[in-house]
2 protein chains.
Amino acid sequence: MKVLIVHAHPEPQSFTTSMLHRAVSTLEAQGHAVTVSDLYAMQWNPVASAADFGVRKNPDYLVYALEQRENVAAHAIAPDIAAELDKLAECDLLILSFPLFWCSVPAIMKGWIDRVLVSGKVYGGVRFYDRGGMRGKRALLAYTCGGRDYMFGADGVHGEMDLMLRHVLRGTLGYAGFDVLPSFVGYHVPYIGDAERAAVLERYDAYLAQLDGLAPMAFPTLDDFDGDMRPRERAPQEVAQD
Amino acid sequence: MKVLIVHAHPEPQSFTTSMLHRAVSTLEAQGHAVTVSDLYAMQWNPVASAADFGVRKNPDYLVYALEQRENVAAHAIAPDIAAELDKLAECDLLILSFPLFWCSVPAIMKGWIDRVLVSGKVYGGVRFYDRGGMRGKRALLAYTCGGRDYMFGADGVHGEMDLMLRHVLRGTLGYAGFDVLPSFVGYHVPYIGDAERAAVLERYDAYLAQLDGLAPMAFPTLDDFDGDMRPRERAPQEVAQD
């Protein structure tokens with residue numbers, strides 16, 4: 001299996017970065033080939049702009065998604081984006097590795113999503129969810145946060161974590177066509193000691209060892225929607241069976 | 001009322017930017033004072049890093065939130081962040097104005113959130129939700145998207161839009177203590193003509209004219225949780241009344 005880990009943390013000695021290193025060694029020991037895009041180390045530019053395009057379909061008015069399509073087709077997209085697109089095309093599994101910032105990915109990683117998940121290749125027209133461009137690939141989130149696990153349960157003060165991350169899990173990875181595996185979360189990280197951190201890494205190892213046993217999250221199938229993306233009328237016998 | 005509009009769009013002629021201009025003129029005509037932070041025009045740096053701090057509590061290991069607290073107290077936070085913090089402190093209403101990128105804000109705006117909503121002022125310890133630092137201020141999202149409104153209903157292909165944006169509405173603005181008003185959304189924008197766009201701007205005017213009539217979204221009160229943020233046991237008579 002080819003694995004691409006996109007990682008973002010402003011502190012190279014962070015526990016989240018230890019998780020990255022553990023993932024690399026564990027996955028390589030399993031015989032997988034691992035590529036890492038360490039966004040802070042790469043000084044990744046997160047800002048989607050006209051500078052991303054070598055050619056322009058419309059030089060006077062920027063529609064970012066249209067120019068993505070144009071520039072991917074013309075091999076004229078910015079070299080930093082092109083390099084990530086090559087890694088993405090190669091991979092069987094994408095891991096986003098990050099500390100939770102405001103119930104989402106850090107801005108530098110949001111900018112990887114904004115710039116690399118290009119229209120025309122990753123999605124476009126009615127190519128999303130089970131018709132998305134990343135069909136056949138798997139993806140997962142591996143992240144750390146300050147809160148405790150019970151704060152993100154159904155009765156927790158913040159509600160379910162997967163609802164907080166719905167924009168990434170469903171709105172981004174699911175939309176792009178990935179099979180999205182349940183996330184790995186390291187809770188309460190800033191407040192725990194070495195022994196507890198070692199236990200999180202052990203748990204991460206165990207998680208990475210049984211990825212094939214994880215059922216992907218359920219997202220809609222476009223078969224249930226018509227060409228205008230309205231829910232299809234079901235045949236009366238189907239309704240009667242409900 | 002003092003209004004801060006934080007705006008991000010890579011095309012200065014975009015419809016989303018027309019919405020910004022309309023908001024400024026409509027709110028000023030109502031007698032409000034409006035300040036705009038146009039992040040693309042400002043070439044806002046979205047990347048949270050050690051460079052944001054003039055002093056360091058721990059120069060060898062970066063814990064971003066801890067250094068935010070330290071540097072706000074020492075008046076040593078980066079000048080671009082300090083300027084935004086002043087605008088934020090002044091405002092009664094914060095408007096985030098943007099095109100939806102991957103069911104969230106563009107990276108440049110995520111970087112405003114990551115860097116400006118500092119620990120120690122906006123939140124910190126048990127200062128969140130109804131005890132958050134932004135208590136007494138209101139906030140709203142005004143955004144455009146490519147999809148049609150019915151795609152983001154409860155039965156729509158993407159489910160409810162407010163669930164996709166829960167990380168911003170609840171996880172960011174609600175968490176920080178703002179009263180979060182229902183969002184204004186311009187749907188299907190890349191595909192509609194001038195007359196329809198004019199109608200969206202009219203609808204935006206009407207929305208901005210009746211903000212006082214909008215009930216804020218409901219988020220948890222910390223009164224319902226104990227010091228460890230576990231749900232409080234309720235007295236038996238309260239339970240009996242359920």
Side-chain angles (χ1 to χ4, degrees), chain A residues 10-14 39-40 43-50 60-66 99 101-115 117 128-129 146-148 150-151 155-159 163-168 170-172 175 190 220 222 224-225 228-231, chain B residues 10-14 39-40 43-50 60-66 99 101-115 117 128-129 146-148 150-151 155-159 163-168 170-172 175 190 220 222 224-225 228-231:
Chain A
E11 170 53 64
Q13 305 171 86
S14 71
L39 301 180
Y40 273 89
Q43 301 187 277
W44 176 257
N45 164 26
V47 182
S49 79
D60 300 321
Y61 187 100
L62 177 68
V63 177
Y64 194 75
L66 290 185
F101 278 17
W102 290 103
C103 294
S104 186
V105 297
I108 198 171
M109 183 173 280
K110 181 55 164 63
W112 187 92
I113 290 169
D114 289 352
R115 297 178 69 227
L117 300 187
F128 57 97
Y129 290 138
R148 291 176 182 274
Y150 63 77
M151 297 178 191
D155 295 332
V157 66
H158 302 305
L163 282 183
M164 280 293 187
L165 283 164
R166 184 183 244 220
H167 62 297
V168 185
R170 176 169 170 174
T172 303
Y175 183 92
L222 294 197
D224 290 341
F225 295 85
D228 289 330
M229 288 302 130
R230 291 188 189 272
Chain B
E11 170 54 62
Q13 305 171 87
S14 70
L39 301 180
Y40 273 90
Q43 301 187 279
W44 176 259
N45 164 27
V47 181
S49 80
D60 301 320
Y61 187 99
L62 177 69
V63 178
Y64 194 75
L66 290 185
F101 277 17
W102 290 103
C103 293
S104 186
V105 298
I108 198 170
M109 183 172 280
K110 181 57 167 58
W112 187 91
I113 291 169
D114 290 350
R115 297 178 69 227
L117 300 187
F128 57 97
Y129 291 138
R148 292 176 181 274
Y150 63 76
M151 297 179 192
D155 295 331
V157 66
H158 302 305
L163 282 182
M164 280 293 187
L165 284 164
R166 183 181 245 220
H167 61 297
V168 185
R170 175 169 170 174
T172 304
Y175 183 93
L222 294 196
D224 289 341
F225 296 85
D228 289 330
M229 289 302 130
R230 289 187 190 273

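Lettering follows sequence order; numbering is per chain, from 1.
Within the 4.5 Å cutoff, the side chain of B:P46 has no heavy atoms near those of the A:I108 side chain. When side chains are defined from C-beta on, A:M109 does not count as touching B:K110, because their heavy atoms never get closer than 4.5 Å. Contact check for B:W44 versus A:V47: no side-chain heavy atoms found under the 4.5 Å cut-off. Side-chain contact between A:H167 and B:R166 is absent, with no heavy-atom pair separated by less than 4.5 Å. In this structure, A:M151 and B:F225 have side chains that are not in contact, with every pair of non-hydrogen atoms separated by 4.5 Å or more. The shortest side-chain heavy-atom distance between B:E11 and A:Y61 falls under the 4.5 Å cut-off.
Summarising the geometry of B:C103 relative to A:G171, their closest heavy-atom pair is SG-CA, 3.9 Å, with the distance given to 0.1 Å. For the pair B:W102 and A:D114, the tightest heavy-atom approach, listed with the atom from each and the gap, is CD1-OD1, 3.7 Å. Taking all atoms of both residues into account, the shortest heavy-atom contact from B:S49 to A:P10 is CA-CB, 4.4 Å. Here the closest heavy-atom approach between residue B:A48 and residue A:F101 is recorded as CB-CE2, 4.2 Å.
Top candidate by heavy-atom pairs under 4.5 Å with chain B, chosen from A:V168, A:V105, A:L165, is A:V105. Contacts with chain A were tallied for B:S14, B:P190, B:A50, B:G146; B:S14 has the most, counting heavy-atom pairs under 4.5 Å. If you tally non-hydrogen atom pairs under 4.5 Å between each of B:L66, B:L39, B:L163 and chain A, the highest count goes to B:L163.
Other residues, nucleotides and ligands place no more than 12 heavy atoms under 6.0 Å from the CG atom of B:D155.
Here the side chain of A:Q13 pairs a donor or acceptor atom with the backbone of B:D60 at under 3.5 angstrom.
Heavy atoms of B:R230 lying under 4.5 Å from chain A belong to its backbone as well as its side chain. Both the backbone and the side chain of A:V157 come within contact range of chain B, each with at least one heavy atom under 4.5 Å from a heavy atom of that chain. Residue B:L117 touches chain A through both its backbone and its side chain, counting heavy-atom pairs closer than 4.5 Å.
Ring centroids of B:H158 and A:Y129 are separated by less than 6.0 Å, placing the two rings close together.
For A:Y64, the ring pair (Phe, Tyr, Trp, His ring centres under 6.0 Å) test picks out A:F53, with sequence neighbours left out.
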